[in-house]
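Working notes, structure below.
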Amino acid sequence: MSSSSSTPVASTPDKLNVLSFSGKNKILHLGWMAFFLTFFVWFNHAPFLSAIGETLSLTKDQVKTLLILNVALTIPARVIIGMLTDRFGPRLVYTAILAIGAIPCFTFAFAQDYNTLALSRFLLGFVGAGFVVGIRLMSDWFPTNELGTAEGIYGGWGNFGSAAAALLLPTVAIIAAAIFGGDEGWRYATAVSGVVMALYSVIFYKMARNTPKGATYFKPKKSGAMMVTSSGDFWLMMVFKLPMYLALALLAWKLSPAGVSLLSQSSVTLIYIGLAVLYIYEFISSYRFNKEVFTTPVPDAHRYDFKQVGILNILYFATFGSELAVVSMLPLFYQETFNLSIVMAGVLASSYAFMNLMSRPGGGWLSDKFGRKITLLILTAGLAVGYLLMGILDSTWPLALALLITMFCSFFVQAGEGAVFAVIPLIKRSMTGQFAGMTGAYGNVGSVVYLTVLSLVSYQVFFFVIAATAVVGFFALFLLKEPEGVIIEEMPDGSFAEIQVSHS
């Protein structure tokens with residue numbers, strides 16, 4: 001083995017300072033603004049669901065199906081984007097997402113029929129994969145004792161894009177309708193969001209860097225599939241890949257004649273067969289990629305425990321999965337439950353995502369300060385209580401109290417997300433993009449499951465189901481190992497670098 005170095009490889013001498021726009025702080029701001037715009041565009045439909053339904057004469061089932069379609073493509077996209085990010089770097093990959101993602105935004109804005117609307121919403125799920133890119137970007141710019149906070153700021157401030165869409169776009173729509181006439185101002189509002197995102201892709205490409213000057217950009221030792229380091233981890237990885245395919249099958253069922261009849265039964269059957277074939281293909285290709293682990297022990301320098309990734313997948317299913325689902329339906333929930341106008345319902349619903357500004361950075365900071373595992377245990381317990389309260393909320397409750405409960409629930413959800421991604425980069429730095437992609441995809445699996453549940457049950461049962469899955473995540477956490485010691489990463493020249501991962 002070559003000699004190792006204890007020099008940090010992912011830090012710069014300046015301190016984390018949100019008031020600064022130089023060094024690594026500039027990268028933090030460029031990153032969260034990119035993520036903000038992807039979320040702004042990804043959820044630009046949420047405040048207009050009733051208006052879109054009226055314009056195109058949609059049924060309630062068709063409107064709810066749009067919510068599921070919006071998060072479906074993000075399941076495979078986050079996994080693929082994670083691999084591309086580890087290979088090509090965040091600068092190029094994020095730029096491509098920002099630029100290309102504007103196209104389906106425009107086709108959605110000016111769709112004249114439900115099929116075009118649905119296809120555009122499905123393709124916009126690609127934009128939701130941008131989150132993964134920034135997780136890798138932050139991990140290469142910030143040292144471990146600041147990483148949780150930096151990831152939290154990136155995720156929290158970026159996630160606020162959904163709240164900003166609910167707050168700002170209805171006003172933009174009203175102004176557009178006043179200028180151009182008619183009652184379809186939502187079209188202009190959603191199109192404007194796409195223009196802004198496309199313009200920002202140029203700014204990001206010109207100003208962002210993958211790593212600090214002189215630092216090494218670690219890439220996986222092999223590329224083509226996710227690397228595991230033991231035979232047991234291989235089987236566990238394939239078990240955790242299965243729900244991603246099942247979620248897509250669930251979506252296909254929802255689009256079948258048994259659901260909203262967007263697809264014929266024969267088409268859905270072909271999708272089922274295609275998903276089965278793809279899973280078998282991934283199983284075979286992953287086995288070929290990792291076949292050495294069945295015969296040859298992996299050196300300690302390359303080892304990691306996949307169980308850590310699996311537990312974080314479960315937690316992100318409950319945290320980010322529920323956020324995606326709730327952000328999509330909350331304006332309609334407030335509008336129907338309390339008989340509010342579309343603008344007022346959007347403003348109140350934005351309180352859920354508004355908490356991202358402090359909650360997600362707070363979750364990362366608590367993890368940096370007090371440890372990853374204990375922070376996740378407390379936040380996951382709070383999440384379960386929050387959704388239990390949301391489930392017993394109805395029109396007889398004071399609106400102010402409903403708002404407080406929404407914000408209480410949101411705090412634990414988003415702080416939990418920040419705490420999850422405070423752990424991801426500490427498993428194996430060179431595979432951060434792939435881990436972030438898989439865990440991020442589980443957030444979308446959760447949202448597909450939750451939104452499908454919502455299409456079948458009442459709002460109250462929907463919230464109770466989320467609370468129950470949070471309890472499952474809480475117990476899974478007892479199997480999580482607190483990251484400690486060092487990560488050993490191989491340098492391009494064959495030497496090894498030690499990266500400190502203790503939270504103190």
Side-chain angles (χ1 to χ4, degrees), residues 35 37-46 62-85 93-94 96-109 111 114-133 161-162 165 190 193-194 197 241-256 259-260 262-263 267-268 270-272 274-275 277-279 282 313 316-317 320-321 323-325 327-328 433-434 436-452 455:
F35 184 32
L37 286 172
T38 59
F39 251 57
F40 193 86
V41 168
W42 195 17
F43 288 96
N44 60 14
H45 66 299
Q62 286 178 319
V63 171
K64 288 182 178 180
T65 300
L66 287 178
L67 302 183
I68 303 173
L69 286 169
N70 192 53
V71 298
L73 184 60
T74 319
I75 296 172
R78 286 194 167 189
V79 175
I80 295 168
I81 291 298
M83 291 183 176
L84 292 175
T85 300
V93 176
Y94 228 149
I97 291 172
L98 291 164
I100 297 172
I103 298 172
C105 179
F106 298 144
T107 59
F108 177 84
Y114 184 68
N115 287 347
T116 304
L117 200 73
L119 178 60
S120 301
R121 208 68 246 170
F122 174 73
L123 293 176
L124 272 168
F126 165 78
V127 175
F131 167 73
V132 174
V133 185
S162 62
T190 52
S193 67
M197 187 174 72
K241 282 184 176 289
L242 188 57
M244 293 188 281
Y245 287 88
L246 293 177
L248 293 173
L250 182 62
L251 171 64
W253 170 81
K254 184 62 183 174
L255 300 179
S256 73
V260 296
L262 189 62
L263 298 176
S267 298
V268 173
L270 287 176
I271 290 173
Y272 291 156
L275 289 172
V277 170
L278 281 174
Y279 181 76
E282 183 168 17
N313 289 347
Y316 214 60
F317 180 104
F320 190 63
E323 180 180 356
L324 286 180
V327 165
S328 296
Q434 293 182 67
M438 187 176 195
T439 299
Y442 256 78
N444 291 85
V445 171
S447 66
V448 169
V449 172
Y450 293 141
L451 287 170
T452 301
S455 70

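Numbers for residues simply follow the sequence, beginning at 1.
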Return yes if some donor-acceptor pair links the side-chain N/O of Y316 with the main-chain N/O of G321 below 3.5 Å, else return no.
no

Verify side chain to side chain contact (heavy atoms under 4.5 Å, CB included) between V79 and Q434, making sure each step is shown before the conclusion.
CA-CA 6 Å; V79 175; Q434 293 182 67; over 6 Å; no

What's the spacing between L278 CG and M244 CE if we round to 0.5 Å?
12.0 Å

Is the F122-F108 ring centre distance short of 6.0 angstrom?
no

About how many Å separate CG of L246 and NZ of K241, when rounded to the nearest 0.5 Å?
13.5 Å

Quick one: are L66 and L117 in side-chain contact, heavy atoms under 4.5 Å?
yes

On the 0 to 90° scale, with breaks at 30° and 60°, tag the Y450-F317 ring pair as parallel, tilted or perpendicular.
perpendicular

Check V445 against A247 and note the closest heavy-atom contact, atom names and distance.
CG1-CB, 3.9 Å

Does the pair S455 and K254 meet the rule for a side-chain hydrogen bond (donor to acceptor under 3.5 Å, both in side chains), with working shown?
CA-CA 9 Å; S455 70; K254 184 62 183 174; 3.1 Å; yes

Whether the side chain of W42 engages the backbone of N70 through a donor-acceptor N/O pair (distance < 3.5 Å, no angle test) should be reported.
yes

Hey, are the side chains of L275 and Y279 touching, using non-hydrogen atoms and a 4.5 Å cut-off?
no

Give a yes or no on whether the backbone of F35 and the side-chain of Y94 come within a donor-acceptor separation of less than 3.5 Å.
yes

Could you check whether any side-chain heavy atom of V132 comes within less than 4.5 Å of a side-chain heavy atom of V93, counting everything from C-beta outward?
no

Would you say the side-chain atoms of N44 and T190 include a donor-acceptor pair closer than 3.5 Å?
no

Can you tell me how far CD1 of I81 sits from CD1 of I97, rounded to the nearest 0.5 angstrom?
4.0 Å

Would you compute the distance between atom OG1 of T74 and atom CZ of F126 and round it to the nearest 0.5 angstrom?
10.0 Å

So, do W253 and I271 sit near enough that their side-chain heavy atoms are less than 4.5 Å apart?
no

Taking every heavy atom of P104 against every heavy atom of L123, the minimum-distance pair comes out as CB-CB, 3.9 Å

Of all heavy-atom pairs between L324 and S447, which one has the smallest distance, and what is that distance?
CB-CB, 3.6 Å

Does Q62 offer a backbone N or O that forms a donor-acceptor pair with the side chain of Y114 under 3.5 Å?
yes

Between A102 and G194 the two heavy atoms that sit nearest each other are CB-O, 3.5 Å

Lys/Arg cation over aromatic F131: R78, 6.0 Å, 45° cone:
no

For the residue pair V41 and M197, what are the closest heavy atoms and their distance?
CG2-SD, 3.8 Å

Calculate, to the nearest 0.5 Å, the distance between atoms CG and OG belonging to L69 and S120 respectively.
10.5 Å

Flag side-chain contact, heavy atom, 4.5 Å: S256 against L263
no

Specify whether H45 and F43 have parallel, tilted or perpendicular ring planes, treating 30° as the upper limit for parallel and 60° as the lower limit for perpendicular.
parallel

To the nearest 0.5 Å, what is the distance between CG (L251) and OG1 (T65)?
8.5 Å

For the residue pair Y442 and P243, what are the closest heavy atoms and their distance?
OH-CG, 3.1 Å

Any side-chain to backbone donor/acceptor pair from T452 onto V448? Under 3.5 Å, distance only.
yes

